[in-house]
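Reckoned from all heavy atoms, side chains included, excluding hydrogens, waters and symmetry mates. Letters A, B, ... are given to chains in the order of the sequence lines, protein chains preceding strands, and every chain is numbered from 1.
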2 protein chains.
Amino acid sequence: MNTLESAREKLVQAGLKATQQRMVILATVQASKAHPSAEHVHESVRVNNPSISLGTVYSTLDTFVEKGLIQMVLAKNGIKRYDGRLDNHNHIHCVNTNEILDFEDLELNELVMDFLRRKKIENLDIRKFSLHIQGEKVDVKKNIKIH
Amino acid sequence: MNTLESAREKLVQAGLKATQQRMVILATVQASKAHPSAEHVHESVRVNNPSISLGTVYSTLDTFVEKGLIQMVLAKNGIKRYDGRLDNHNHIHCVNTNEILDFEDLELNELVMDFLRRKKIENLDIRKFSLHIQGEKVDVKKNIKIH
DNA sequence: TACTTGTCAGGAATTATTCTTAACTAATAA
DNA sequence: TTATTAGTTAAGAATAATTCCTGACAAGTA
């Protein structure tokens with residue numbers, strides 16, 4: 001199925017007008033596994049849509065996060081990066097390569113949710129949680145693999 | 001015991017010259033529970049040491065993080081904040097007030113460490129991990145309490 | 001049609017952070 | 001002591017990510 005069409009549906013569902021810019025930006029973020037920054041998204045969309053401005057990319061990403069269409073992740077240098085995945089998942093931050101990897105694990109989620117249920121936190125409405133694992137790639141050329 | 005003197009000791013132990021600026025900045029971060037930003041640290045130290053420049057605060061905090069004397073935490077707006085606590089602990093980020101709270105829990109640490117031991121992650125040297133809990137204060141005027 | 005609202009490109013403005021430079025300090029060597 | 005060196009700092013300029021502003025345009029409505 002066409003990713004642009006799927007983006008259109010999601011936009012409409014979220015109550016947003018499905019403009020060309022929005023469809024392209026949403027499809028780009030959702031297709032990427034690299035947790036791109038706004039700048040990076042701009043570079044990507046520019047290839048086929050050279051008129052989309054950086055400002056539009058910024059404000060559109062903002063809107064998407066607000067509407068819950070994508071998530072924002074912070075790199076350790078403070079730069080905002082975006083994640084098309086919406087499920088509760090965790091991230092591995094690689095100190096030497098600045099990579100951010102998704103790390104999904106149902107068991108871990110259960111573990112933490114169970115913990116948080118027991119540990120009553122008063123006066124706080126928990127929205128989400130995620131485990132941030134910070135580490136260093138042993139071999140920079142190889143990928144990180146989770147078993 | 002004098003916090004400045006304790007700061008001096010830590011600086012020397014870390015192999016850094018114990019200058020007035022460094023002592024004051026280290027003592028300030030370690031005394032604060034608010035996870036101050038560089039700007040905020042600058043405001044604090046200025047009160048008694050008006051000549052310390054913002055640039056010095058930035059580079060000194062950098063040095064401290066590098067030497068492991070303090071930790072850096074990112075607020076959800078991407079601003080760098082600093083934490084005098086060195087033990088493995090977690091953070092609660094309050095979306096509506098921008099507060100960052102420490103959240104230490106040995107049981108949780110054990111839980112996660114145990115999990116990570118079982119889950120082999122290949123080609124990654126884990127440096128640290130922390131659980132980020134994002135939520136909204138129910139009553140903004142009251143504190144968050146953990147039981 | 002006229003009116004309203006929302007969206008966008010382009011560029012200016014802002015802000016956290018880093019960089020540069022020259023002055024200063026402390027430690028060491030002559 | 002004086003000279004030398006390396007390290008530290010204040011001040012302000014420069015940078016880079018992000019936000020703001022404005023006028024043009026588009027779509028939807030009466």
Side-chain angles (χ1 to χ4, degrees), chain A residues 7-8 10-12 14-26 28-29 34-67 69-70 72-82 98 100, chain B residues 4 7-8 10-12 14-29 34-67 69-70 72-82 98 100:
Chain A
R8 181 196 299 277
K10 283 171 190 158
L11 285 167
V12 173
L16 293 172
K17 218 179 268 181
T19 65
Q20 177 71 9
Q21 291 90 333
R22 283 178 176 163
M23 287 191 292
V24 172
I25 292 170
L26 184 55
T28 299
V29 175
H35 303 82
S37 64
E39 207 89 36
H40 200 278
V41 170
H42 187 226
E43 279 169 33
S44 293
V45 299
R46 255 169 177 274
V47 177
N48 291 312
N49 303 68
S51 69
I52 296 183
S53 77
L54 182 57
T56 299
V57 173
Y58 270 104
S59 72
T60 303
L61 290 170
D62 256 13
T63 310
F64 289 174
V65 171
E66 212 171 287
K67 293 282 179 182
L69 288 167
I70 61 174
M72 193 200 75
V73 198
L74 287 168
K76 69 164 208 316
N77 50 14
I79 288 175
K80 289 171 186 168
R81 302 193 25 193
Y82 298 87
N98 247 322
I100 298 176
Chain B
L4 269 194
R8 181 196 299 275
K10 283 170 190 160
L11 286 167
V12 173
L16 293 173
K17 219 180 268 181
T19 65
Q20 178 71 8
Q21 291 91 332
R22 285 177 175 164
M23 288 191 293
V24 173
I25 291 170
L26 184 55
T28 298
V29 175
H35 302 81
S37 65
E39 206 89 36
H40 201 279
V41 169
H42 187 225
E43 279 169 33
S44 294
V45 300
R46 254 168 178 276
V47 178
N48 292 311
N49 302 68
S51 70
I52 295 183
S53 79
L54 182 57
T56 299
V57 172
Y58 270 104
S59 72
T60 303
L61 290 169
D62 255 15
T63 311
F64 289 175
V65 170
E66 212 171 289
K67 292 282 177 181
L69 287 166
I70 62 176
M72 193 200 74
V73 198
L74 288 168
K76 69 164 206 319
N77 50 14
I79 287 174
K80 288 173 186 167
R81 298 182 42 183
Y82 297 88
N98 246 321
I100 298 176

Query raised in the report: Side chain of A:H42, backbone of A:I52: donor and acceptor closer than 3.5 Å?
Result: yes
Query - Contact letters for nucleotides 8-18 of chain D, in which S counts primed atoms plus P, OP1 and OP2 and B counts the base, heavy atoms under 4.0 Å - result: SSBS-----SB
Query - Check: A:N48 and A:V24 side chains under 4.5 Å, non-hydrogen atoms - result: no
**Report entry** Single hit among A:E43, A:E39, A:R46 for side chain to side chain contact (heavy atoms under 4.5 Å, CB included) with A:L54
**Finding:** A:E39
Requested in this report: Determine which pairs satisfy side chain to side chain donor-acceptor pair (under 3.5 Å) with at least one residue from residues 56-66 of chain B, sequence neighbours left out, and list them in order.
Outcome: B:S53-B:T56
**Report entry** Span of DNA chain C, from the first to the last nucleotide whose atoms fall under 4.0 Å of chain B heavy atoms
**Finding:** C:dA16 to C:dT18
Query raised in the report: Under the side chain to side chain contact (heavy atoms under 4.5 Å, CB included) test, which residues partner B:N77, sequence neighbours left out?
Result: B:A75, B:I79, B:N98
Report summary line: By salt bridge (charged side-chain N to carboxylate O under 4.0 Å, His left out), A:R8 pairs with (sequence neighbours left out) A:E5
Report task. Go through the structure and list residues passing side chain to side chain contact (heavy atoms under 4.5 Å, CB included) with B:L74, not counting sequence neighbours. Result -> A:L74, B:M72, B:K80
